[in-house]
*Asks:* 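The structure is given below, and queries will be raised subsequently.
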Amino acid sequence: MKFLPLLIVFFSTFFAGDNAVSEGYQPGDKATDFKLKSVDGKMYSMADYKDAKGFIVVFTCNTCPFAVKYEDRINAIAKKYKKQGYVLLAINPNDPAVQPADTYDLMQDKAKEKGFVFPYLVDEGQKIYPQYGATKTPHVFLLDKNLVVKYIGAIDDNSDDASAVKEKYLENAIAALDKGSDPSPAQTKAIGCSIKAKKKV
C-alpha cells in the first residue's frame, strides 16, 4: 500500500499534463484579437484588416527543424490566399532567453533572408500562444472574418517533403470556409517542436 500515494501522484501529474495541452481554443470558439510587434517595427492586429475574409494565424519560429521545413510553404500560402482575401499572420511564441536564436533581431534576419510576405510577430511576454492553445511550432489556427476558429492543427500531412504531400489540411479548410462550410477535419495534430516557454522561478 505504501506505493499507492506514488501512483496517485504519477497519474495526477500525467493527466494534469494532458489537460494542460488541451487548453486553449477549440473549433467554434471565438478567438481574441492581439496587437503584436512585427519585424518591420510596426504593430499589427486582426482589427487592422477590415475587409479580410479570414485569418491564418501560424505559430512558428526561426530554428525548429519542422518550422524551417515549412517556411517556403507558409510564404506560398500567404501569397496565394492574400489574393483571395485571407490574411496570414505568423507569431513567434518562443522565449529568446530559452531559445537565443529566436531574438527579435534574428527574426528580422530570418524574414529578410526568406523574403517573408507576411507580418512576422513576436509574442512578447508569451501572452497569446497560451490563449490559443498552441503547443508546437508550427501550429495553425484558421479563423473566419468574425474571428471564429474554424481549423486547428497541421498545415499538411508531410513535414519532410512538400512534393509528397497528400492532404493539404489548411488549404482544404480554407476552401471549405470560402464555400461557407465547416472544414472537415476541423482539427489535426500539429507536428513540430515544443514551444520554448519562459522558465518559472
Side-chain angles (χ1 to χ4, degrees), residues 21 24-25 31-46 49 54-82 86-143 149-162 165 168-171 173-174 187-198:
V21 170
Y25 297 134
T32 302
D33 199 354
F34 45 74
K35 197 171 188 68
L36 299 174
K37 185 178 180 181
S38 183
V39 292
D40 62 3
K42 299 177 182 178
M43 303 296 288
Y44 287 84
S45 71
M46 290 183 280
Y49 301 91
F55 299 91
I56 306 160
V57 179
V58 184
F59 291 90
T60 189
C61 67
N62 285 354
T63 56
C64 169
F66 294 93
V68 171
K69 289 176 182 178
Y70 273 107
E71 286 171 349
D72 291 337
R73 276 176 268 185
I74 292 170
N75 219 23
I77 287 169
K79 289 178 183 177
K80 178 178 179 179
Y81 290 98
K82 181 179 181 180
Y86 292 88
V87 177
L88 191 147
L89 299 166
I91 302 174
N92 188 333
N94 286 346
D95 183 347
V98 179
Q99 174 49 274
D102 280 314
T103 64
Y104 182 71
D105 287 346
L106 291 176
M107 285 175 61
Q108 290 178 309
D109 291 345
K110 170 69 75 171
K112 185 176 180 180
E113 172 197 345
K114 298 300 297 185
F116 286 166
V117 297
F118 49 82
Y120 188 21
L121 313 171
V122 57
D123 187 3
E124 191 169 359
Q126 297 189 306
K127 297 176 181 178
I128 303 303
Y129 91 79
Q131 292 181 31
Y132 277 68
T135 59
K136 303 289 185 183
T137 52
H139 202 156
V140 174
F141 293 75
L142 174 65
L143 318 178
V149 180
K150 292 297 184 178
Y151 170 77
I152 302 171
I155 293 170
D156 56 45
D157 66 351
N158 197 319
S159 59
D160 289 326
D161 186 357
V165 169
K168 296 183 177 182
Y169 300 126
L170 174 59
E171 294 198 62
I174 296 171
Q187 195 159 6
T188 60
K189 183 179 180 180
I191 305 297
C193 304
S194 61
I195 290 173
K196 305 304 181 283
K198 185 178 183 65

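For clarity, every value in this text was computed on a predicted model and none was experimentally measured.
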*Asks:* Distance check, rounded to the nearest 0.5 Å: Leu170 atom CG versus Ile56 atom CD1?
*Replies:* 5.5 Å

*Asks:* We want to know whether Tyr104 and Asn92 form a side-chain donor-acceptor pair, criterion being a heavy-atom distance below 3.5 angstrom.
*Replies:* no

*Asks:* Check whether any side-chain heavy atom of Thr63 lies under 4.5 Å from a side-chain heavy atom of Gln99, and answer yes or no.
*Replies:* yes

*Asks:* Output the distance between atom NZ (Lys37) and atom CG (Leu121), rounded to the nearest 0.5 Å.
*Replies:* 11.5 Å

*Asks:* Please find the pair of heavy atoms, one from Ala78 and one from Val117, that lie closest to each other, and give the distance.
*Replies:* CB-CG2, 3.8 Å

*Asks:* Once rounded to the nearest 0.5 Å, what's the spacing between atom CZ of Phe118 and atom CD1 of Ile74?
*Replies:* 6.0 Å

*Asks:* Could you give the distance from OH (Tyr129) to OG1 (Thr137), rounded to the nearest 0.5 Å?
*Replies:* 11.0 Å

*Asks:* Looking at Ala134, is its backbone amide N or carbonyl O close enough to the side chain of Lys136 to form a donor-acceptor pair, meaning the two atoms are under 3.5 Å apart?
*Replies:* no

*Asks:* Show the nearest heavy-atom pair for residues Pro138 and Ala190, with the distance to one decimal.
*Replies:* O-CB, 3.9 Å

*Asks:* Working note: Asp156 + Tyr70, criterion side chain to side chain contact (heavy atoms under 4.5 Å, CB included); need CA distance, chi angles, decisive distance, verdict.
*Replies:* CA-CA 10 Å; Asp156 56 45; Tyr70 273 107; 2.6 Å; yes

*Asks:* Tell me if the NZ atom of Lys35 is crowded by more than 12 foreign heavy atoms within 6.0 Å.
*Replies:* yes

*Asks:* How far apart are the closest heavy atoms of Pro93 and Thr60, and which atoms are they?
*Replies:* CD-O, 3.2 Å

*Asks:* Is the shortest heavy-atom distance from the side chain of Met46 to the side chain of Val87 under 4.5 Å?
*Replies:* no

*Asks:* Measure the CZ-CD distance between Phe116 and Glu71 for me, rounded to the nearest 0.5 Å.
*Replies:* 4.5 Å

*Asks:* Do you see a donor-acceptor pair shorter than 3.5 Å between the side chains of Tyr25 and Thr32?
*Replies:* yes

*Asks:* Could you check if a side-chain atom of His139 sits within less than 4.5 angstrom of a side-chain atom of Ile152, using non-hydrogen atoms only?
*Replies:* yes

*Asks:* With rounding to the nearest 0.5 Å, note down the distance linking CD1 in Ile155 to CZ in Arg73.
*Replies:* 7.0 Å

*Asks:* Taking Cys61 and Cys193, which are both Cys, do their SG atoms fall under 2.5 Å of each other?
*Replies:* no

*Asks:* So does Lys69 pair up with Asp161, basic N to acidic O under 4.0 Å?
*Replies:* no

*Asks:* Which heavy atom of Thr188 sits nearest to which heavy atom of Ala154, and what is that distance?
*Replies:* OG1-N, 2.9 Å

*Asks:* Just by distance, do the side chain of Gln126 and the backbone of Lys198 share a donor-acceptor pair under 3.5 Å?
*Replies:* yes

*Asks:* Tell me the closest heavy-atom pair linking Gly192 and Cys64, and the distance in Å.
*Replies:* C-SG, 4.3 Å

*Asks:* Check whether any side-chain heavy atom of Met107 lies under 4.5 Å from a side-chain heavy atom of Val122, and answer yes or no.
*Replies:* yes

*Asks:* Can you list everything that forms a side chain to side chain contact (heavy atoms under 4.5 Å, CB included) with Ile128? Sequence neighbours excluded, please.
*Replies:* Phe34, Leu36, Phe59, Ile91, Asp123, Gln131, Tyr132

*Asks:* Which heavy atom of Val68 sits nearest a heavy atom of Asn62, and at what distance?
*Replies:* CG2-O, 3.5 Å

*Asks:* Is any side-chain heavy atom of Glu171 less than 4.5 Å from a side-chain heavy atom of Ile77?
*Replies:* yes

